[in-house]
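For the numbers below, each heavy atom of this structure counts, side chains included, while hydrogens, waters and symmetry mates do not. Throughout, a chain's letter reflects where its sequence line sits, starting with A, and its residues are numbered from 1.
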There are 2 protein chains.
Amino acid sequence: MIQSPAVTVADKTFIQLRNDIVEGEIAAGSKLSEQELSTKFQVSRAVIREAINRLETCHLVERKANVGARVVSLTTESLIELYVIRESLEGMAARLAAVNMTSEDIDGLQQLLSRHSEQVKGGESYYQEAGDVDFHYRIILGSKNKQLINLLVDGLYHLVRMYRVQLGMVGPRVTTAFDEHQHIAHAITNNDPELAELLMRRHIMYSKNNIEAQLNLYK
Amino acid sequence: MIQSPAVTVADKTFIQLRNDIVEGEIAAGSKLSEQELSTKFQVSRAVIREAINRLETCHLVERKANVGARVVSLTTESLIELYVIRESLEGMAARLAAVNMTSEDIDGLQQLLSRHSEQVKGGESYYQEAGDVDFHYRIILGSKNKQLINLLVDGLYHLVRMYRVQLGMVGPRVTTAFDEHQHIAHAITNNDPELAELLMRRHIMYSKNNIEAQLNLYK
DNA sequence: AAAATCAATTTTGTCGACAATTTGCTCGGG
DNA sequence: CCCGAGCAAATTGTCGACAAAATTGATTTT
């Protein structure tokens, strides 16, 4: 898949729906009526079905035969499960990146961190949302493992974003996370795959623990 | 998704096509013509499109807009990439299994290994194909992480099987692999997640190395 | 009143036809 | 002889209608 510039109507509908779901405009757990959506978007049901199929591919909706499609519901368990998978896959991505990133890739990564550094000093919390994603995204691409990239970017990325947006993942982890990013980048620069993987796994595990703690406040 | 007993025509067509692709009856890299398939299976093109969409979901075919769908081509690089992902995810599965498997689960796992033990002593090479899959499958389910299970069983399992069938993964690793399985099971029985993950990762890495060696013979 | 049954309605599944796009070929020019 | 423009055939994308299945609500039975 990988972001191709939406040539067909089904493409546009899919992207629109995906945004609506990730942003929460279509509520988590709600039903996706084909008829309703086809009148809303002024397209045929075939287009809607195609779009829903793709949403299922990136784990944003679940379909049951003869019953229909529902947006996935956001549960604490699923979020934790997701972070465990991220820990595993992005840890591996960091390991691979330490071996496979070119010096240009590494330069770009360092420049990204420099910009983030100024933002953190300046007290901007803009960092958390886009910055964190950017960093992880570069590591994933740096793995140069096409299947891994596809799995993460098209398969889990949007689901992670959906949780972040809708549960409002903020917390006081901004500067801490930035330090962790620097350590990971350092390990990659030194071509130290074991350390890069270890640090990335810890980094994601800390995020997971942080989220678990936040969620337990509501209990 | 997860194996639901094919209620709709598209379900059956999908499963049929999936088998044909995995078994190599539809050649790797070949084009899937919607018209051709719809006449062959005596169903409408809508059904074929639905089936192809699902095949894309489990990474068995790739689609391009206005061009069509092709069965993925089996390259050495992709196979290695796949094993790297397995190493990561199944390693994590073993880690989780060591924590989350019930004593009943563990009993079942031990019984499975006992049966395999007799088969290995008896010199049956039946083991490799079904036995290995069975073992790994139990570990994956033992993780109790629904998203991980879904990712592996519906997403990568069939692709792995496709490679095994079509490249004829045999090799002299039968008894060695069995020993490794026993060690992994032992670590899980002892509730030792770190060791279980380490051993599973090594186990899959050994398989990967073995395959790489085999493939390099042809160069 | 609660549970089971059946019919009406709504929703998804499947179909064939038409529209839009790509592909391969032919033809004309350089 | 090679290359590009344009045309023709084949393929995918989109559509509306019909068939089949599930949900809903009323009715009957216990």
Side-chain angles (χ1 to χ4, degrees), chain A residues 1-21 26-73 154, chain B residues 1-21 26-73 154:
Chain A
M1 220 184 269
I2 291 206
Q3 288 297 16
S4 40
V7 9
T8 183
V9 180
D11 285 334
K12 294 169 195 159
T13 309
F14 161 63
I15 292 177
Q16 174 83 46
L17 274 175
R18 191 179 61 185
N19 279 354
D20 288 354
I21 290 173
I26 298 178
S30 64
K31 188 168 184 337
L32 293 179
S33 162
E34 295 181 1
Q35 191 171 307
E36 191 181 321
L37 291 172
S38 78
T39 55
K40 178 182 171 188
F41 285 98
Q42 298 283 24
V43 295
S44 81
R45 270 183 56 221
V47 170
I48 297 295
R49 285 175 68 84
E50 171 96 21
I52 289 181
N53 274 328
R54 298 199 208 167
L55 290 171
E56 195 184 10
T57 297
C58 47
H59 308 278
L60 289 175
V61 316
E62 288 168 348
R63 266 182 50 181
K64 264 190 260 182
N66 287 313
V67 173
R70 304 193 80 88
V71 179
V72 296
S73 49
D154 290 335
Chain B
M1 217 184 271
I2 291 207
Q3 289 298 13
S4 40
V7 338
T8 182
V9 180
D11 285 335
K12 294 168 196 160
T13 309
F14 161 64
I15 291 177
Q16 174 83 47
L17 274 175
R18 192 179 61 187
N19 279 354
D20 288 353
I21 290 173
I26 298 177
S30 64
K31 187 166 184 339
L32 293 178
S33 161
E34 296 182 0
Q35 192 171 307
E36 192 181 321
L37 291 172
S38 78
T39 54
K40 178 182 172 188
F41 286 99
Q42 298 283 24
V43 295
S44 82
R45 270 185 55 221
V47 170
I48 298 294
R49 285 176 68 84
E50 171 95 21
I52 289 181
N53 274 326
R54 297 198 208 168
L55 290 172
E56 196 184 8
T57 298
C58 46
H59 308 279
L60 289 175
V61 315
E62 288 169 348
R63 267 183 47 180
K64 264 190 258 183
N66 287 313
V67 174
R70 305 192 82 88
V71 179
V72 295
S73 49
D154 291 333

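What you find for A:A51 and A:A10 is that their closest heavy atoms are CB-O, 4.3 Å.
Distances from the side chain of B:Q35 to the nucleotides D:dT23, C:dG13, D:dT12 place D:dT12 closest. The side chain of A:A46 lies closest to D:dC15, out of D:dC15, C:dT12, D:dT12.
If you check the side chains of A:R63 and A:N53, you find a donor sitting under 3.5 Å from an acceptor.
Between A:K64 atom NZ and C:dT12 atom P there is a gap of 13 Å when expressed in whole angstrom units. In this structure, A:I52 places its CD1 atom 12 Å from C1' of C:dT11, rounding to the nearest Å. B:N53 places its CG atom 13 Å from the P atom of D:dT12, with the value rounded to the nearest Å. A:R63 places its CZ atom 14 Å from the P atom of D:dA22, with the value rounded to the nearest Å. Separating the NZ atom of B:K12 from the P atom of C:dT14 is a distance of 9 Å, rounded to the nearest angstrom. Distance CD1 (B:I48) to P (C:dG13): 16 Å, rounded to an integer number of Å. Rounded to whole Å, the distance from CD on A:E36 to C1' on C:dT12 is 14 Å. What separates CD of B:E50 from P of D:dA20 is a distance of 18 Å, to the nearest Å.
Neither OP1 nor OP2 of D:dA22 sits under 4.0 Å from any side-chain N or O of A:K31. An OP1 or OP2 oxygen of C:dT14 is reached within less than 4.0 angstrom by a side-chain nitrogen or oxygen of B:T8. Under 4.0 angstrom from either OP1 or OP2 of C:dG13 there lies at least one side-chain N or O belonging to A:R49. Regarding contacts with the backbone of C:dC15, a side-chain N or O of B:S44 is found under 4.0 angstrom from either OP1 or OP2.
The side-chain heavy atoms of A:T8 and B:N66, taken from C-beta on, include no pair separated by under 4.5 Å.
Nearer the 5' end of DNA chain D, as judged by each residue's closest nucleotide, is the contact made by A:V9, out of A:V9 and A:R45. Taking for each of A:N66 and B:S33 the nucleotide of DNA chain D with the nearest heavy atom, the 5'-most of the two is the partner of B:S33.
Among the atoms of the strands shown, only primed sugar atoms or phosphate atoms (P, OP1, OP2) are found under 4.0 Å from some heavy atom of B:L32.
A salt bridge links B:R49 with A:E50: the closest approach of a Lys/Arg side-chain nitrogen to an acidic carboxylate oxygen falls below 4.0 angstrom.
A donor-acceptor contact shorter than 3.5 Å is absent between the side chain of B:R70 and the backbone of B:E62.
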